[in-house]
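Report on the structure given below.
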Amino acid sequence: MPELPEVEIARRNLVHWLDGRRVVRAEADDSRVFRGARHEDFASLRGRLVSLERRGKYLLFTFEGGRGLMAHLGMTGRFVRRPEGVPVPYSRARFHLDSGDVIHFADSRLFGRMEPCAASRLYELDAVKELGRDPLADGLTAGQLQEAVGPSKQELKVALMDQGRVTGLGNIHAAEALYRAGLHPARKPGSMTPGEWQRLADAIHASITFGLEEQQGEEPAYLEDGAENRFLVYGRAGTACARCGTTVESFTQGGRTTHCCPQCQPKHPGRKPPDGRRKTTARRR
């Protein structure tokens, strides 16, 4: 599932592609991408892009004439730009530009979502108004993080993925942030100290920054099948932790696979994470 960095890069690409351009025609297939809305309403989108904002994993378009569009990439959705006449597999909706280019929304598994509406209603849509604090758009301090997540009775990683508390984090960047902070995913938020909240807030920002740097470009591929895994802990179960050499573990948490290092991320409070030096015994044969 695309997370905050991937959606933010999509936003930046779209702003670049639409800058100074006009949408001369919008068209969409009749697919479940438009569940809850009519694909015919997509065809009313015309003119210049006035603004394109991101809230968590949602993109909010405002076009001339007060027309708006909410878009969510789902698991496999992506925006790509091609010259007119060049086919794009699984293209579900298209913006035809006055430059001769076409911006396609391609989604092989149809888990993405588009909802055209009046621009003035974008922030009133149920999916948007229920979102919590956005670490990139709103900022996120240790105190704000504790206020949002601290009251939760869920395990820490599950609470971080609650979009009503902190929006934009998913399975990948929640796991990466917890690893960077030296915190076990199954900790209870109520057990956290002020210092741990500070470490976690810093780690969330660091993980998002990493994702933004990795995702630069029109068609980033670091999350695709066969791409090199450049994450610190996500997807590394059974391999040696890069920090201490302990074998990375995985377990199911909130219906998702969680990855963590049992040494660097102690489950019980009071155990300090290692200082970053690799254990020489960890690789002994």
Side-chain angles (χ1 to χ4, degrees), residues 1-23 25-28 31-81 91-97 102-107 110-140 148 161-170 173 208 211-212 215 218 220:
M1 178 74 74
E3 301 183 23
L4 189 158
E6 296 80 59
V7 182
E8 174 62 20
I9 292 299
R11 187 196 70 82
R12 295 177 186 181
N13 283 337
L14 285 161
V15 168
H16 173 64
W17 296 340
L18 289 163
D19 183 34
R21 303 262 62 94
R22 295 181 63 85
V23 175
R25 181 163 55 95
E27 60 181 7
S31 73
R32 63 187 176 95
V33 165
F34 288 91
R35 56 194 175 276
R38 300 192 317 154
H39 72 280
E40 292 90 344
D41 292 337
F42 184 83
S44 69
L45 300 174
R46 292 284 194 279
R48 298 184 185 278
L49 179 72
V50 175
S51 66
L52 177 49
E53 301 179 13
R54 180 196 51 75
R55 295 298 301 174
K57 304 175 187 181
Y58 290 87
L59 293 169
L60 306 176
F61 298 74
T62 296
F63 290 93
E64 290 178 327
R67 302 179 181 93
L69 174 70
M70 181 272 283
H72 190 288
L73 300 181
M75 290 183 67
T76 56
R78 61 190 182 121
F79 286 96
V80 297
R81 180 177 62 167
S91 176
R92 311 299 182 183
R94 295 159 291 282
F95 291 118
H96 295 261
L97 308 183
V102 181
I103 297 175
H104 297 256
F105 178 69
D107 187 359
L110 292 170
F111 290 145
R113 181 183 171 194
M114 286 190 167
E115 184 170 345
C117 68
S120 60
R121 290 191 55 244
L122 284 170
Y123 282 88
E124 298 174 8
L125 296 175
D126 289 343
V128 177
K129 69 182 181 181
E130 295 172 357
L131 297 175
R133 193 172 189 86
D134 185 299
L136 190 62
D138 302 327
L140 185 68
M161 294 171 59
D162 181 344
Q163 300 301 295
R165 297 181 182 278
V166 177
T167 186
L169 296 181
H173 289 287
I208 290 172
L212 290 171
Q215 280 287 75
E218 291 199 1

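From a predicted model like this one, the values you see are computed outputs, not experimental measurements.
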Task: N/O donor-acceptor pair under 3.5 Å between E3 side chain and L169 backbone - done: no

Task: Under the side-chain contact (heavy atoms from CB on, under 4.5 Å) test, residues paired with A43 that sit two or more places apart - done: none

- [ ] Decide side-chain contact (heavy atoms from CB on, under 4.5 Å) for L18 and I103; before the verdict, give the C-alpha distance in whole Å, the side-chain angles of both, and the deciding distance to 0.1 Å.
- [x] CA-CA 9 Å; L18 289 163; I103 297 175; 3.9 Å; yes

Task: Steps toward side-chain contact (heavy atoms from CB on, under 4.5 Å) verdict (E6, I9) - done: CA-CA 5 Å; E6 296 80 59; I9 292 299; 6.0 Å; no

Task: Smallest separation among heavy atoms of P135 and L4, with atom names - done: CD-CD1, 3.9 Å

Task: Salt-bridge criterion met for R48 and D19 (N-O under 4.0 Å) - done: no

N/O donor to acceptor pairs below 3.5 angstrom from side-chain atoms of residues 116-125, sequence neighbours left out:
| residue | atom | partner | partner atom | Å |
| --- | --- | --- | --- | --- |
| Y123 | OH | E53 | OE1 | 2.2 |

Anything under 3.5 Å between a donor and an acceptor, one on a side chain of residues 65-73, the other on a protein residue two or more places apart or in another chain? List them.
| residue | atom | partner | partner atom | Å |
| --- | --- | --- | --- | --- |
| R67 | NE | S44 | O | 2.8 |
| R67 | NH1 | E64 | O | 3.2 |
| H72 | ND1 | G74 | N | 2.9 |

Open item on the list: So, using side-chain contact (heavy atoms from CB on, under 4.5 Å) as the criterion, who are the partners of D126 when residues are at least two apart?
Closed with: K129, E130

Open item on the list: Using every non-hydrogen atom in the two residues, find where L131 and R55 come nearest and quote the distance to one decimal.
Closed with: CD1-O, 3.6 Å

Task: R92 side chain to D107 backbone, donor-acceptor under 3.5 Å - done: yes

TODO: Using the test side-chain contact (heavy atoms from CB on, under 4.5 Å), find all partners of H96 that sit at least two apart in sequence or belong to another chain.
DONE: V24, R25, E27, E84, R94, V102

Open item on the list: Measuring centre to centre across the rings, with the benzene-like ring taken for any Trp, is F105 within less than 6.0 Å of F42?
Closed with: no

- [ ] List in chain and number order the residues that pass side-chain hydrogen bond (donor to acceptor under 3.5 Å, both in side chains) with Q163, two or more places apart in sequence or in another chain; answer none if no residue qualifies.
- [x] T167

